[in-house]
Amino acid sequence: MTLKLRPLTGDGSPPVQGAYPQAVEVGGATRWLFLSGQTPLGPDGVPPADFRGQCEQVWANVQAQLAAADMTLDNLVKVTTYLADRSHALENRAVRLKVLDGRQPALTVIVVDLFEDGWMVEIEAVAAA
């Protein structure tokens, strides 16, 4: 069976900004991958100093976990992004749109107090194959 992801936005839904659907229907999945929160730490254990660098590192970490399961960004079904500060929302969106390059997983962005001081972003995700 072939994995089929179908982005959906029902009639009467509010408008969205940032190119994401209100829901994603999954068909043909035989495997599911649940990614723990990916932090902005690089292989050296140090986070980049700026938000863009941290965001790009988190997405690199997401891709590394997907690759470990023989998956790619094409397999993402749901992404939850945690921001330490609302002021990073637009830059977060810009990085996400560049990384996802037209892919449309279901999406949630939450502003929270992250686990470590200095972390500005963390992402958890669900993928299917």
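When every heavy atom of Cys55 is checked against every heavy atom of Asn92, the shortest pair comes out as SG-OD1, 3.6 Å. Nearest heavy atoms, Val79 versus Pro105: CG2-CG, 3.9 Å. Counting all heavy atoms, side chain and backbone alike, Pro47 lies closest to Gly45 at CD-O, 4.1 Å.
The backbone N or O of Lys98 lies less than 3.5 Å from no partner atom in the side chain of Asp101, so there is not a single donor-acceptor pair. Counting only distance, with no hydrogens or angles, the side chain of Glu122 and the backbone of Val58 share no donor-acceptor pair below 3.5 Å. Between the side chain of Thr9 and the backbone N or O of Pro21 there is no donor-acceptor pair closer than 3.5 Å. Side chain of Arg86 to main chain of Ile110: no donor-acceptor pair is present (N/O by atom type, distance under 3.5 Å, no hydrogens or angles).
For the atom pair CD1 (Ile123) and CD (Gln57), the distance works out to 11.0 Å, reported to the nearest 0.5 Å. Taking CG from Asn75 and CG from Leu3, the interatomic distance works out to 6.0 Å, rounded to the nearest 0.5 Å. Expressed to the nearest 0.5 Å, how far CD of Gln38 lies from CD of Glu124 amounts to 10.0 Å. Rounded to the nearest 0.5 angstrom, Phe51 CZ and His88 NE2 are separated by 6.0 Å. Here the CD-CZ distance, from Glu56 to Arg96, works out to 14.0 Å after rounding to the nearest 0.5 Å. Rounded to the nearest 0.5 angstrom, Thr72 OG1 and Gln63 CD are separated by 8.5 Å.
Hydrophobic cluster membership differs between Leu41 and Val99, with clusters built from Ile, Leu, Val, Met, Phe, Trp and Tyr side chains linked at under 4.5 angstrom.
Taking a 6.0 Å sphere around CG of Asp44, one finds it holds more than 12 heavy atoms contributed by other residues, nucleotides or ligands.
Each of Leu114, Thr39, Thr108, Val109 was scored for a side chain to side chain contact (heavy atoms under 4.5 Å, CB included) with Tyr82, with one residue passing: Leu114.
In the model, Asn61 has no side-chain atom that pairs as donor or acceptor with a side-chain atom of Gln65 under 3.5 Å. Thr2 and Lys4 form no side-chain donor-acceptor contact under 3.5 Å, judged by distance and modelled atom types alone.
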